[in-house]
Engineer: 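Handing you this structure, nothing more for now.
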Amino acid sequence: MSIRTTLLVSLFSFSFLFAQEKWESPVKTLLREKQLVVGATISNPSVESAAQLANAGFDFLWIEMEHSAITLETARLMILATRGLKAVPFIRVPINELWTAKRALDVGALGVIFPFTSTVELARQAVAACKYGPEGRRGFGPGLASFRWPAPDEGYAQFANRNVTVVILVEDAEGVANVDEIAAIGGIDVIYIGVYDLSYSLGYGGQLDHPVVKEAIQKIVRAAKRNNVAVGRPGGSPEQILQLIEEGFSFFQSPSDLGFMQSAARQYLQPLGKEGHDPARQSLY
């Protein structure tokens, strides 16, 4: 066999093997390998901001549709604008319902974050909303999603069932009471603790160091670990994230895009003696 023929055979074999490898969401890979996952919070309805942060080094985008003015149309444009960039687009939907998850997934999100998942029924619904049958109850209409995530070899449905990340938020007293049963449900990738809502639900609003709040958080962490589910919470700074990793957390939501902008602006202006209005000293209205 000539060198040229040998080279062609080798290239064909390599191409064939490469084609047979099924792509896996980088977030799924990191979770499976129990590695750190950090997401950029997108709260400003700016496609440019989303695209810039998608290639800043974050693992995923937390497109915020519960507490922001981002519409489904804007979220779709963000998802298109971040194709080929590092961060995988997730959407936090306003409520844990089948139809909200379906719309988020059908515009191309590859992860859904479900707020206030406080019961076993809601946790099962979250998983079912992200899976096509017979594994779940996601309705079939993936024209937009399959354009963003083409999967010609296996088809989009099989691709999505493998790659969509299911994140549920436990963030109230009822969720803590049910967390052992919730964590045991198959198909949940991350249990994320909404620490501030949880503190208010427990009667200690904003007091994250209160013993009752800390014990509730630890109960959630223990339940997640027993069931080999990643556990997450907000990560306000690199120092805080490194500390929380020691406590068993691996999935983090960063400050928002607006928070990063404000922080950088303050760092720039403070040495120059420039600052904005302090609402504690001067009313803004």
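Remember, predicted model here, so these are calculated numbers, not experimental data. As a basis for the values below, the full set of heavy atoms in this structure was taken, side chains included, without hydrogen atoms, waters or symmetry mates.
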Engineer: Quick one: does Ile113's side chain get under 4.5 Å of Ile91's, heavy atoms only?
Structural biologist: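 In short, these two side chains do not touch, never coming nearer than 4.5 Å.
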
Engineer: Angle between ring planes, His210 versus Tyr204, binned at 30° and 60°: parallel, tilted or perpendicular?
Structural biologist: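 Parallel: the ring planes of His210 and Tyr204 meet at under 30°.
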
Engineer: Honestly curious: do Leu98 and Leu122 fall in one hydrophobic cluster under the side-chain, below-4.5 Å linking rule?
Structural biologist: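 Hydrophobic grouping puts Leu98 apart from Leu122.
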
Engineer: Any side-chain heavy atom of Val112 within less than 4.5 Å of one from Leu105?
Structural biologist: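 Val112 vs Leu105: side chains touch.
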
Engineer: What about Val195 and Val179, same hydrophobic cluster or not, with Ile/Leu/Val/Met/Phe/Trp/Tyr joined at side-chain heavy-atom distances under 4.5 Å?
Structural biologist: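 Yes: a chain of side-chain contacts under 4.5 Å links Val195 to Val179.
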
Engineer: Report whether Leu31 and Ile193 are members of the same hydrophobic cluster (ILVMFWY, side-chain heavy atoms less than 4.5 Å apart, transitive linking).
Structural biologist: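 Hydrophobic grouping puts Leu31 with Ile193.
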
Engineer: Is Thr82 reaching over with its side chain to a backbone N or O of Leu85, donor-acceptor style, under 3.5 angstrom?
Structural biologist: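 No.
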
Engineer: Where is the tightest heavy-atom contact between Ala183 and Val229, given as atom of each residue plus distance?
Structural biologist: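 That closest heavy-atom pairing would be O-CG2, 3.9 Å.
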
Engineer: Measure the shortest side-chain to side-chain distance between Val231 and Tyr192 over non-hydrogen atoms and say whether it is less than 4.5 angstrom.
Structural biologist: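 Not touching, per the 4.5 Å side-chain cut-off.
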
Engineer: What's the shortest heavy-atom distance between Pro115 and Pro94, and which atoms?
Structural biologist: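 Looks like CG-O, 3.7 Å.
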
Engineer: At what distance, to the nearest 0.5 angstrom, does CG of Leu77 lie from CD of Glu48?
Structural biologist: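 Rounded to the nearest 0.5 Å, the CG-CD separation comes to 12.5 Å.
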
Engineer: Between the side chain of Lys131 and the main-chain N/O of Arg137, is any donor-acceptor distance below 3.5 Å?
Structural biologist: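 The answer is no, because no donor-acceptor pair under 3.5 Å joins these two groups.
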
Engineer: Considering residues, nucleotides and ligands other than Trp99, do more than 12 of their heavy atoms fall under 6.0 Å from its CH2?
Structural biologist: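 Count not over threshold, so no.
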
Engineer: Tell me whether Arg162 at atom CZ has more than 12 heavy atoms from other residues, nucleotides or ligands lying less than 6.0 Å away.
Structural biologist: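 Result for CZ/Arg162: enclosed.
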
Engineer: Are Val170 and Leu198 side-chain neighbours, meaning at least one heavy-atom pair lies under 4.5 Å?
Structural biologist: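 Result no, sub-4.5 Å side-chain heavy-atom pair not found.
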
Engineer: Can you tell if the side chain of Pro89 reaches within under 4.5 Å of the side chain of Ile63, non-hydrogen atoms only?
Structural biologist: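 Yes; the side chains approach each other to less than 4.5 Å.
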
Engineer: Just jot down the ring-ring contact (aromatic ring centres under 6.0 Å, His included) partners of Phe114, sequence neighbours excluded, or say none.
Structural biologist: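 Counting only residues at least two positions away or on another chain, Phe114 forms no ring-ring contact (aromatic ring centres under 6.0 Å, His included).
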
Engineer: Does the side chain to side chain contact (heavy atoms under 4.5 Å, CB included) test come out yes or no for Met78 and Leu61, once each step is laid out?
Structural biologist: CA-CA 10 Å; Met78 290 176 177; Leu61 295 184; 5.6 Å; no

Engineer: Looking only at atom types and distance, does a side-chain atom of Ser201 sit under 3.5 Å from a main-chain N or O of Asp197, one as donor and one as acceptor?
Structural biologist: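 No: the side chain of Ser201 does not pair with the backbone of Asp197.
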
Engineer: Determine yes or no for a side-chain-to-main-chain donor-acceptor pair under 3.5 angstrom, with Arg138 supplying the side chain and Cys130 the backbone.
Structural biologist: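 No; zero donor-acceptor contacts below 3.5 Å.
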
Engineer: Considering non-hydrogen atoms only, spot the tightest contact between Asn44 and Ser49 and give its length.
Structural biologist: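 Closest approach of Asn44 to Ser49: ND2-OG, 4.0 Å.
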
Engineer: Nearest 0.5 Å, please: how far is OG in Ser118 from CG in Asp172?
Structural biologist: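 The OG atom of Ser118 is 4.5 Å from CG of Asp172, to the nearest 0.5 Å.
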
Engineer: Should Thr165 and Leu110 be marked as a side chain to side chain contact (heavy atoms under 4.5 Å, CB included) after you check the CA-CA gap, both sets of side-chain angles, and the distance that decides it?
Structural biologist: CA-CA 6 Å; Thr165 302; Leu110 208 62; over 6 Å; no

Engineer: Within a reach of under 6.0 Å around CD of Glu33, are more than 12 heavy atoms found that belong to other residues, nucleotides or ligands?
Structural biologist: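 Yes, the 6.0 Å shell around CD holds more than 12 heavy atoms from other groups.
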
Engineer: Can you confirm whether Thr71 sits close enough to Thr74 that some side-chain heavy atom of one is under 4.5 Å from a side-chain heavy atom of the other?
Structural biologist: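 Yes, their side chains come closer than 4.5 Å.
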
Engineer: If you take all heavy atoms of Pro26 and Trp23, which pair is closest and at what distance?
Structural biologist: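 Closest pair (atom of Pro26, atom of Trp23, distance): CD-CZ2, 3.6 Å.
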
Engineer: Distance alone, cut at 3.5 Å: any donor-acceptor contact between the side chains of Glu64 and Ser43?
Structural biologist: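 Side-chain D/A pair, Glu64 to Ser43: absent.
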
Engineer: Grouping I, L, V, M, F, W and Y whenever their side-chain heavy atoms are under 4.5 Å apart, do Phe116 and Tyr200 come out in a common cluster?
Structural biologist: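 Unlinked, Phe116 and Tyr200 end up in two clusters.
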
Engineer: Going by the rule salt bridge (charged side-chain N to carboxylate O under 4.0 Å, His left out), which residues pair with Asp189 if we only count those two or more places apart in sequence or in a different chain?
Structural biologist: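 Listed in chain order: Lys28.
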
Engineer: Is Glu275 paired with Arg266 through a side-chain N to carboxylate O contact shorter than 4.0 Å?
Structural biologist: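 Looking at Arg266 and Glu275, the cut-off is not met.
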
Engineer: Classify the ring geometry between Phe90 and Phe251 as parallel (under 30°), tilted (30 to 60°) or perpendicular (over 60°).
Structural biologist: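 Taking Phe251 first and then Phe90, their aromatic rings lie parallel (interplane angle under 30°).
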
Engineer: Short question: side chain of Thr29, backbone of Ser25 - any donor-acceptor pair under 3.5 Å?
Structural biologist: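 Pair found, side chain donor or acceptor close to backbone of Ser25.
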
Engineer: Rounded at 0.5 Å granularity, tell me how far CD1 in Ile79 sits from CZ in Arg148.
Structural biologist: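 One gets 7.5 Å once the value is rounded to the nearest 0.5 Å.
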
Engineer: Within a 6.0 Å radius of atom CZ on Phe260, are there more than 12 heavy atoms belonging to other residues, nucleotides or ligands?
Structural biologist: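 Buried by this count: over 12 neighbours within 6.0 Å.
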
Engineer: Side-chain donor-acceptor pair under 3.5 Å between Glu239 and Gln243, yes or no?
Structural biologist: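 Note: Glu239 and Gln243 side chains miss the donor-acceptor criterion.
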
Engineer: Show the nearest heavy-atom pair for residues Val164 and Gly111, with the distance to one decimal.
Structural biologist: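 Minimum heavy-atom contact is CG1-CA, 4.3 Å.
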
Engineer: Assess whether side chain to side chain contact (heavy atoms under 4.5 Å, CB included) is satisfied between Leu53 and Phe58, documenting all intermediate values.
Structural biologist: CA-CA 7 Å; Leu53 286 175; Phe58 291 101; 3.9 Å; yes

Engineer: Classify the side-chain pair Lys22/Asn163 by whether it contains a donor and acceptor separated by less than 3.5 Å.
Structural biologist: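 Side-chain D/A pair, Lys22 to Asn163: absent.
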
Engineer: For the residue pair Phe147 and Tyr156, is the inter-centroid distance of their aromatic rings smaller than 6.0 Å?
Structural biologist: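 Ring centres of Tyr156 and Phe147 not closer than 6.0 Å.
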
Engineer: Evaluate the side-chain proximity of Ile168 to Val190: yes if any heavy-atom separation is below 4.5 Å, no if none is.
Structural biologist: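 A side-chain contact is absent here, since even the closest heavy-atom pair is not under 4.5 Å.
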
Engineer: With distance as the sole test, does Arg76 use its side chain to make a donor-acceptor pair with the main-chain N or O of Leu144 at under 3.5 Å?
Structural biologist: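 Answer holds: yes.
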
Engineer: Between the main-chain N or O of Thr119 and the side-chain N or O of Asn178, is there a donor-acceptor pair closer than 3.5 Å?
Structural biologist: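 Looks like no, no N/O pair under 3.5 Å.
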
Engineer: Is it true that Glu215 and Arg222 have a side-chain N and a carboxylate O under 4.0 angstrom from each other?
Structural biologist: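 Looking at Glu215 and Arg222, the cut-off is met.
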
Engineer: OG/Ser256 to NE2/His67 distance, rounded to the nearest 0.5 angstrom?
Structural biologist: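 The distance works out to 12.5 Å.
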
Engineer: What do the steps show when you test Ile191 against Ile220 for side chain to side chain contact (heavy atoms under 4.5 Å, CB included), and what is the final call?
Structural biologist: CA-CA 8 Å; Ile191 295 177; Ile220 298 169; 3.8 Å; yes

Engineer: Are Trp62 and Phe252 close enough that their ring centers fall under 6.0 Å?
Structural biologist: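 No; Phe252 has its ring centre 6.0 Å or more from that of Trp62.
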
Engineer: Roughly how far apart are Ser199 OG and Glu171 CD, rounded to 0.5 Å?
Structural biologist: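 Output value for this atom pair is 11.0 Å.
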
Engineer: Can you find a heavy atom in the side chain of Met65 that is under 4.5 Å from one in the side chain of Arg92?
Structural biologist: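 Counting from C-beta outward, Met65 and Arg92 never come under 4.5 Å.
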
Engineer: Group every Ile, Leu, Val, Met, Phe, Trp and Tyr by side-chain heavy-atom contacts under 4.5 Å, then state whether Ile42 and Met261 land in the same group.
Structural biologist: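 Not linked; separate clusters.
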
Engineer: Work out which heavy atom in Ala223 is nearest to a heavy atom in Asp180; give both atom names and the distance.
Structural biologist: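 Minimum heavy-atom contact is CB-OD1, 3.5 Å.
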
Engineer: Applying salt bridge (charged side-chain N to carboxylate O under 4.0 Å, His left out) to Arg32 and Glu24, what does each step give before you reach the verdict?
Structural biologist: CA-CA 11 Å; Arg32 177 167 47 78; Glu24 181 178 57; 2.6 Å; yes

Engineer: Can you sort out the partners of Thr100 under side chain to side chain donor-acceptor pair (under 3.5 Å), two or more places apart, ordered by chain and number?
Structural biologist: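 With neighbours one apart ignored, the set is empty.
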
Engineer: To the nearest 0.5 Å, how far apart are CG in Asn227 and CD1 in Ile188?
Structural biologist: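 Asn227 atom CG to Ile188 atom CD1 measures 9.0 Å (nearest 0.5 Å).
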
Engineer: Is it the case that the side chains of Thr117 and Asn96 hold a donor-acceptor pair, with the cut-off being a distance below 3.5 Å and no angle test?
Structural biologist: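 Asn96 vs Thr117: donor-acceptor pair found between side chains.
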
